[in-house]
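Scroll down for the structure; my scribbles are underneath it.
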Amino acid sequence: MPGHVLVTGGAGYIGSHTCKALAGAGYTPVTVDNMVYGHPWAVQWGPLVEGDIRDADLLDSVFALFRPVAVLHFAAFAYVGESVADPGKYYATNVGGTIALLEAMRRAGCATVVFSSTCATYGEPVTPGAPMDEAHPQAPVNPYGRSKLMIETILADYGAAYGLRHMSLRYFNAAGADPDGELGEDHDPETHLVPLAIGAALGTRGPLRVFGTDYPTPDGTCVRDYVHVTDLARAHVLALGHLEGGGAPGMLNLGTGRGNSVREVLGAVERAAGRPVPWEAAARRAGDPGALVAAAGRARAVLGWTPQLTDIDTIVGTAWRWHATRA
Ligand code: UDP
């Protein structure tokens, strides 16, 4: 019996898709989410415990009740701009919350955690435009990225001292929606390119503002490595199996190894929608490098993970279908 898995932030975008993948692999996901940004409708494959991961009593009772075999840790604040304006909130919740979680795990004797990290822990690419592997220097350029890097460091220290089995998964740009249409991306406020472009096409939002058209990229707009959320979800289940099977702890990039520009994403939205996406050129957004692309081979070597939904039309098409049916 695979058993229960505690999923912090399981009512959020990547967490909820991962709960579905866990259920598909025979686990029962138990979501702990403070529901500040989570959605009740996203929790479909196991119980929801509403509460904060910094609440030690709550965590102790969840561990006692469900006896989870492992933790998948998504719960965090993730708005870069807000993290610059209010770093205390990010360090208290992301870092403080993780320490509270890890201490509850120690009390409960639960020693396996997969952590939702990010390519934002790298900061600016040392070689502009070149794929970044896991050995790339980590010099995050905002408190959000620094909070995630601190957590990676804490996990490694807990591994060395207490035997914690940990895997940090550094996502590049999560995008798309559950191909079955059961889940999708719904942030408020929304800051991400794909849902904003879809909203512009649907007329539920204003024209997309393209942040920078003068980057040294083929079409002048930023290049990112868009990775389908269902592929990300599957990687978490593989990482869990890897750790449960005694595999080495560490960190892995999750990306496709291919980049798409903002204009290419807009083109994919236009093909999915069958209509133009209203857009306007806007100034560069502070802290946006021209290109961020993963060197993605290590996750394949360690986990046997190969992203399946890599084509930008496929990624955007799943997102389009989800948004269009809700509009
Ligand atoms: N972007 C844009 N307009 C928007 C939102 C995003 O041009 O309204 C660009 C942004 O500059 C970046 C890419 O789209 O190059 C992806 O941004 P997103 O916020 O989705 O993810 P991030 O790369 O910040 O994690």
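Both Val277 and Val316 belong to a single network of hydrophobic side chains, linked directly or stepwise wherever heavy atoms of I, L, V, M, F, W or Y lie under 4.5 Å apart. Both Met167 and Leu240 are part of a single hydrophobic cluster, where members link through side-chain heavy atoms under 4.5 Å apart. Hydrophobic clustering, with ILVMFWY side chains joined whenever heavy atoms are under 4.5 angstrom apart, groups Ile53 together with Val95. Hydrophobic clustering (ILVMFWY, side-chain heavy atoms < 4.5 Å, transitive): Val302 and Met251 are in distinct clusters. Note on Leu232 and Leu22: same hydrophobic cluster, where clusters join Ile, Leu, Val, Met, Phe, Trp and Tyr whose side-chain heavy atoms are under 4.5 Å apart, directly or indirectly.
Residue Val126 comes nearest to His136 through the heavy atom pair N-NE2, 2.9 Å, listed as atom of the first residue, atom of the second, then distance. Nearest heavy atom pair, residue Tyr226 against residue Leu193, reads OH-CD2, 3.2 Å. Shortest non-hydrogen contact noted between Val62 and Pro68 is O-CD, 4.3 Å. For the pair Ala11 and Met35, the tightest heavy-atom approach, listed with the atom from each and the gap, is CB-SD, 3.7 Å. Considering all non-hydrogen atoms of both residues, Ala239 and Leu169 come closest at CB-CD1, 4.3 Å. Shortest non-hydrogen contact noted between Thr8 and Ala75 is OG1-N, 3.1 Å.
For the pair Asp180 (side chain) and Glu182 (backbone), a donor-acceptor distance under 3.5 Å is absent. Of the possible polar contacts, none joining the Asp231 side chain to the Arg234 backbone as a donor-acceptor pair under 3.5 Å is found. Panel note: side chain Asn253, backbone Ala295; a donor-acceptor pair is recorded below 3.5 Å. Listed for the Asp52 side chain is a donor-acceptor partner under 3.5 Å among the backbone atoms of Arg54. Looking only at distances, a side-chain donor or acceptor of Thr318 sits under 3.5 Å from a matching main-chain atom of Ile315. A donor-acceptor pair is defined here as one N or O able to donate and one able to accept, closer than 3.5 Å; such a pair exists between the side chain of Asp225 and the backbone of Ala294. With Asp33 contributing its side chain and Val49 its backbone, the two residues share no donor-acceptor pair below 3.5 Å. Judged purely by atom type and a 3.5 angstrom limit, Asn142 has no side-chain atom pairing as donor or acceptor with the backbone of Ser83. Without hydrogens or angle criteria, Thr256 side chain to Arg258 main chain gives a donor-acceptor distance under 3.5 Å. Judged by distance alone, the side chain of Ser116 and the main-chain N or O of Phe74 form no donor-acceptor pair under 3.5 Å.
No hydrogens or angles considered: a donor-acceptor pair under 3.5 Å links the side chains of Glu190 and His192. Judged purely by distance below 3.5 Å, without hydrogens or angles, the side chains of His228 and Thr314 never pair a donor atom with an acceptor atom. Side-chain contact annotation: Glu82 with Tyr144, donor-acceptor N/O pair under 3.5 Å absent.
Asp60 CG to Arg107 CZ: the interatomic distance, rounded to the nearest 0.5 Å, is 4.0 Å. In this structure, CG on Asp188 lies 7.5 Å from CG on Asp186, to the nearest 0.5 angstrom. Rounded to the nearest 0.5 angstrom, Ser261 OG and Leu266 CG are separated by 8.0 Å. The structure places CG of Leu102 at 5.5 Å from OH of Tyr158, a figure rounded to the nearest 0.5 Å. To the nearest 0.5 angstrom, Phe115 atom CZ is 10.5 Å from Leu101 atom CG. The CG atom of Leu254 lies 10.5 Å from the OG1 atom of Thr118; values are rounded to the nearest 0.5 Å.
A perpendicular orientation is assigned to the rings of Tyr79 and Tyr37, their planes being inclined by more than 60° (bins at 30° and 60°).
The closest side-chain heavy-atom distance from Ser168 to Leu155 is below 4.5 Å. With contacts defined as side-chain heavy-atom distances shorter than 4.5 Å, the pair Cys19/Thr31 qualifies. No side-chain heavy atom of Arg146 sits under 4.5 Å from any side-chain heavy atom of Thr121. At a threshold of 4.5 Å between non-hydrogen side-chain atoms, the residues Tyr13 and Glu185 count as touching. The shortest side-chain heavy-atom distance between Tyr122 and Leu292 does not fall under the 4.5 Å cut-off. Proximity of Val293 to Val223: side-chain heavy atoms (C-beta onward) are separated by under 4.5 Å at one or more points. The closest side-chain heavy-atom distance from Arg271 to Trp320 is not below 4.5 Å. When side chains are defined from C-beta on, Leu303 counts as touching Leu252, because their heavy atoms get closer than 4.5 Å.
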Lys20 vs Asp178, salt bridge (charged side-chain N to carboxylate O under 4.0 Å, His left out): CA-CA, chis, key distance, verdict | CA-CA 9 Å; Lys20 179 172 179 172; Asp178 171 41; 3.1 Å; yes
Where do Glu50 and Asn34 land on the side-chain contact (heavy atoms from CB on, under 4.5 Å) test, with the steps shown first?
-> CA-CA 5 Å; Glu50 188 169 340; Asn34 63 9; over 6 Å; no
Criterion side-chain contact (heavy atoms from CB on, under 4.5 Å) on Glu264 and Ile312, from CA distance to verdict | CA-CA 8 Å; Glu264 287 172 337; Ile312 194 66; 5.5 Å; no
Would you sort out whether Arg170 and Glu152 count as a salt bridge (charged side-chain N to carboxylate O under 4.0 Å, His left out), showing the intermediate values?
-> CA-CA 10 Å; Arg170 297 177 184 156; Glu152 286 194 3; 2.7 Å; yes
Please test Val71 against Phe63 for side-chain contact (heavy atoms from CB on, under 4.5 Å), starting from the C-alpha separation and ending with a verdict.
-> CA-CA 10 Å; Val71 175; Phe63 278 105; 3.9 Å; yes
Could you go step by step and tell me if His236 and Tyr171 meet the ring pair (Phe, Tyr, Trp, His ring centres under 6.0 Å) rule?
-> CA-CA 11 Å; His236 289 77; Tyr171 320 145; 5.5 Å; yes
Intermediate values then yes/no, side-chain contact (heavy atoms from CB on, under 4.5 Å), Asp288 and Arg224 = CA-CA 10 Å; Asp288 265 347; Arg224 295 288 180 272; 3.5 Å; yes
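At most 12 heavy atoms of other shown residues, nucleotides or ligands fall within 6.0 angstrom of atom CZ in Arg263. Residue Arg209 places its CZ atom among 12 or fewer non-hydrogen atoms of other residues, nucleotides or ligands, all under 6.0 Å distant. Atom CZ of Arg326 has more than 12 heavy atoms from other residues, nucleotides or ligands within 6.0 Å. Crowding of Arg275 atom CZ: a count of heavy atoms from other residues, nucleotides or ligands under 6.0 Å exceeding 12.
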